[in-house]
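The structure appears right after this line, and notes come after that.
Just so you know, residue 1 is the first one in the sequence shown, and it goes up from there.
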Amino acid sequence: PCHYSVIWPTRYGCPTNYSEEGDGIGSGWIFVFFIMLVASCYIGFGCAYNVVNRGMRVGMEAMPHIDQWRLLPEYVMEGINFTRGKVQELLGQKTGYEKVDGVEYQWG
């Protein structure tokens with residue numbers, strides 16, 4: 001059996017010398033900071049608006065769209081179950097829905 005060893009020096013491979021990569025933060029971290037800034041402004045200004053203009057008490061109830069945020073885990077689970085059902089349907093596996101009189105009912 002033959003054994004080949006290829007050495008291909010490039011700065012785009014695994015970094016061995018971090019000083020060549022530049023001094024500063026990458027675009028991924030800039031994106032993360034931007035999202036954190038937007039979320040902080042949304043929560044901060046939304047809470048201030050609800051307390052000042054709507055007369056809500058300071059706390060979780062003053063958070064903007066609190067009812068929708070409380071339903072988020074349920075929406076995520078429903079999306080996961082829907083996607084799993086569609087994938088199982090595409091693979092030909094049995095799904096958790098059964099048609100009765102032309103209407104789909106979930107069982108199990």
Side-chain angles (χ1 to χ4, degrees):
C2 296
H3 176 73
Y4 294 98
S5 177
V6 178
I7 298 174
W8 192 346
T10 177
R11 66 184 199 132
Y12 299 107
C14 298
T16 57
N17 186 357
Y18 290 102
S19 64
E20 292 179 334
E21 296 212 1
D23 300 331
I25 61 174
S27 59
W29 282 112
I30 292 173
F31 177 73
V32 169
F33 291 139
F34 176 75
I35 294 298
M36 290 174 57
L37 176 69
V38 168
S40 298
C41 289
Y42 167 74
I43 293 171
F45 289 124
C47 285
Y49 176 82
N50 286 338
V51 168
V52 173
N53 293 336
R54 292 184 162 179
M56 293 183 174
R57 295 169 62 186
V58 176
M60 284 300 294
E61 295 302 319
M63 186 170 169
H65 305 104
I66 187 68
D67 295 331
Q68 284 76 19
W69 288 112
R70 287 183 176 153
L71 290 174
L72 182 65
E74 184 179 333
Y75 291 151
V76 169
M77 287 305 299
E78 186 63 32
I80 290 170
N81 290 333
F82 176 81
T83 304
R84 182 178 39 172
K86 287 297 180 183
V87 169
Q88 287 176 344
E89 190 177 301
L90 289 172
L91 295 176
Q93 298 175 353
K94 191 174 184 179
T95 63
Y97 291 91
E98 180 179 349
K99 280 194 175 184
V100 178
D101 298 328
V103 179
E104 285 189 350
Y105 293 96
Q106 185 176 5
W107 55 270

task: Begin with the C-alpha distance, continue with both residues' side-chain angles, and end with the deciding distance and a verdict on side chain to side chain contact (heavy atoms under 4.5 Å, CB included) for His65 and Tyr42.
output: CA-CA 10 Å; His65 305 104; Tyr42 167 74; 2.8 Å; yes

query: Can you get from Val87 to Phe82 by hopping between Ile, Leu, Val, Met, Phe, Trp and Tyr side chains that sit under 4.5 Å apart?
result: no

- prompt: Is Phe34 reachable from Trp29 through a run of hydrophobic residues whose side-chain heavy atoms are each under 4.5 Å from the next?
  reply: no

- prompt: Quick one: CD1 on Ile66 to CG on Leu71, what's the gap to the nearest 0.5 Å?
  reply: 10.0 Å

query: Can you tell me how far the CE atom of Met56 sits from the CE atom of Met63, to the nearest 0.5 Å?
result: 12.5 Å

field: Closest non-hydrogen atom pair, Ala62 against Val51
entry: CB-CG2, 3.8 Å

- prompt: Which pair of heavy atoms, one from Gly46 and one from Pro64, lies closest together, and at what distance?
  reply: CA-CG, 3.8 Å

query: CG of Leu91 to NZ of Lys86: how many Å apart, nearest 0.5 Å?
result: 13.0 Å

query: At what distance, to the nearest 0.5 angstrom, does SG of Cys47 lie from CZ of Arg54?
result: 11.5 Å

message: Side-chain heavy atoms nearer than 4.5 Å, only ILVMFWY residues, links allowed to pass through others: does that put Ile80 and Leu72 together?
response: yes

message: When you group the ILVMFWY residues by side-chain heavy-atom contacts below 4.5 Å and let the links chain together, are Val38 and Ile35 in the same group?
response: yes

